[in-house]
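The structure appears right after this line, and notes come after that.
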Amino acid sequence: MSSASINAPKLRHFLQFNDFSKAEILYLLDRARLIKEKFKHYEPHRTLHDRTLAMVFEKASTRTRVSFEAGMYQMGGAVIHLTTGDSQLGRSEPIEDTARVVSRMVDLVMIRTFEQTRLERFAEHSRVPVINGLTNEFHPCQILADIFTYIEHRGSLEGKVVAWVGDANNMAYTWLQAAEQLGFTLHVSAPAGYRLESSRIGQLAPHVLKQFDDPMQACQGAHLVTTDVWTSMGYEEENEARRKAFADWCVDAEMMAAAAPEALFMHCLPAHRGEEVTAQVIDGPQSVVWEEAENRMHVQKALMEFLLLGQL
């Protein structure tokens, strides 16, 4: 038995942002900085040699697959890619059974699926760490990357304002957890019918969340303005109704001008120019969307390392 397995940390999962403490999140972000720096200087960082990641996709993906797969290979590990079309998941095998089998053969599992409860059921029956690659309710790896990107350009988010303009989706709820955990304020503006659900917000300190009917007000003085597509995966039948409802929630130059002078713009991608954001903004000087996309890989490398090896 290797020393790594003897000293293996207690089994942990990353199913939502607040599964980790503030100190653990800050460790991950700092570790990602080191890992990225080595990557940029072509210095090997193979702490996950001989480890295997299983990626389970019940929702299609570009960035999630490439970032996890490339990251695991760069860390010296191997990757198995599963979809509902090429596994028993698409043939009605209980997800609990899939978890019991797959987790006996790999060291780590990343799942991109629909309901958060489905992810939780898998994790409950897994012998190895499970990572949320996206669910309908949360997208914690993306928010890790976004916060890391902000820190790279502007320093700590503590005491700052993040403006979320658009649908109260998995990104918005994950930003809310991050605000509570890391000490910044989240401004949210969404049209009626698409706002945060009070039942999911719970009891928050007054400085954590402020909601606005007018997206311009939400952007006022913000240090980061961020958005997402109006119609998330799985809600395509609502597309036309959403296009009408969100017509005034397109992040444009006027909204960015209302933000702080040094404000950044982010988008988790894919983006629809002319819908949730104008081309002028996403392709403009305040946009850091391409760095943000790349940083998924670096923070996820730090995350996988932490789950398997603990703090190093």
Subject >> Main-chain N/O of Trp230 paired to Arg242 side chain as donor or acceptor, under 3.5 Å >> reply: yes

Original post:
Can any side-chain N or O of Thr149 pair as donor or acceptor with the backbone N or O of Ala145 at less than 3.5 Å?
Top reply: yes

Original post:
Are the charged groups of Glu58 and Arg118 less than 4.0 angstrom apart, N to O?
Top reply: yes

Original post:
What residues form a side chain to side chain contact (heavy atoms under 4.5 Å, CB included) with Lys40, not counting sequence neighbours?
Top reply: Lys36, Glu294

Original post:
Checking salt bridge (charged side-chain N to carboxylate O under 4.0 Å, His left out) for the pair Glu305/Arg51: CA distance, chi angles, key distance, verdict?
Top reply: CA-CA 10 Å; Glu305 183 186 74; Arg51 300 299 183 99; over 6 Å; no

**OP:** Go through the structure and list residues passing ring pair (Phe, Tyr, Trp, His ring centres under 6.0 Å) with His298, not counting sequence neighbours.
**Re:** Phe39

**OP:** Report the distance from atom CE of Met255 to atom CZ of Phe265, rounding to the nearest 0.5 Å.
**Re:** 10.5 Å

**OP:** State the CG-CG distance between Leu157 and Leu182, to the nearest 0.5 angstrom.
**Re:** 7.5 Å

**OP:** If a pair satisfies side chain to side chain donor-acceptor pair (under 3.5 Å) and one of its residues is in residues 247-266, list it, with sequence neighbours excluded.
**Re:** Ser189-Trp249

Subject >> Reported CD1-to-CE distance for the pair Ile143 and Met266, which is rounded to 0.5 angstrom >> reply: 9.5 Å

Original post:
By ring pair (Phe, Tyr, Trp, His ring centres under 6.0 Å), which residues pair with Phe14, not counting sequence neighbours?
Top reply: Phe20

Original post:
Tell me the ring-ring contact (aromatic ring centres under 6.0 Å, His included) pairs involving residues 132-159, sequence neighbours left out?
Top reply: none

**OP:** Using the side chain to side chain contact (heavy atoms under 4.5 Å, CB included) rule, take Ser103 and Phe122 through it: C-alpha gap first, then chi angles, then the decisive distance, then the call.
**Re:** CA-CA 10 Å; Ser103 67; Phe122 189 105; 5.5 Å; no

Original post:
Is it true that Arg127 and Asp107 have a side-chain N and a carboxylate O under 4.0 angstrom from each other?
Top reply: no

Original post:
Given the rule in the side chain to side chain contact (heavy atoms under 4.5 Å, CB included) test, do Met55 and Leu82 qualify, once you have shown the distances and angles that lead to the verdict?
Top reply: CA-CA 6 Å; Met55 302 190 301; Leu82 298 171; over 6 Å; no

Original post:
Between Glu158 and Lys22, is there a side-chain N and carboxylate O pair less than 4.0 Å apart?
Top reply: yes

Subject >> From OG (Ser287) to CD (Glu292), nearest 0.5 Å >> reply: 8.0 Å

**OP:** Return each pair, listed once, that meets salt bridge (Lys or Arg N to Asp or Glu O under 4.0 Å) where at least one residue sits in residues 131-142; pairs must be two or more places apart or across chains.
**Re:** none

Subject >> Distance (rounded to the nearest 0.5 Å) between Thr64 OG1 and Gln142 CD >> reply: 7.5 Å

**OP:** Hey, could you give me the CD1/NE2 distance between Ile111 and His13, rounded to the nearest 0.5 Å?
**Re:** 9.5 Å

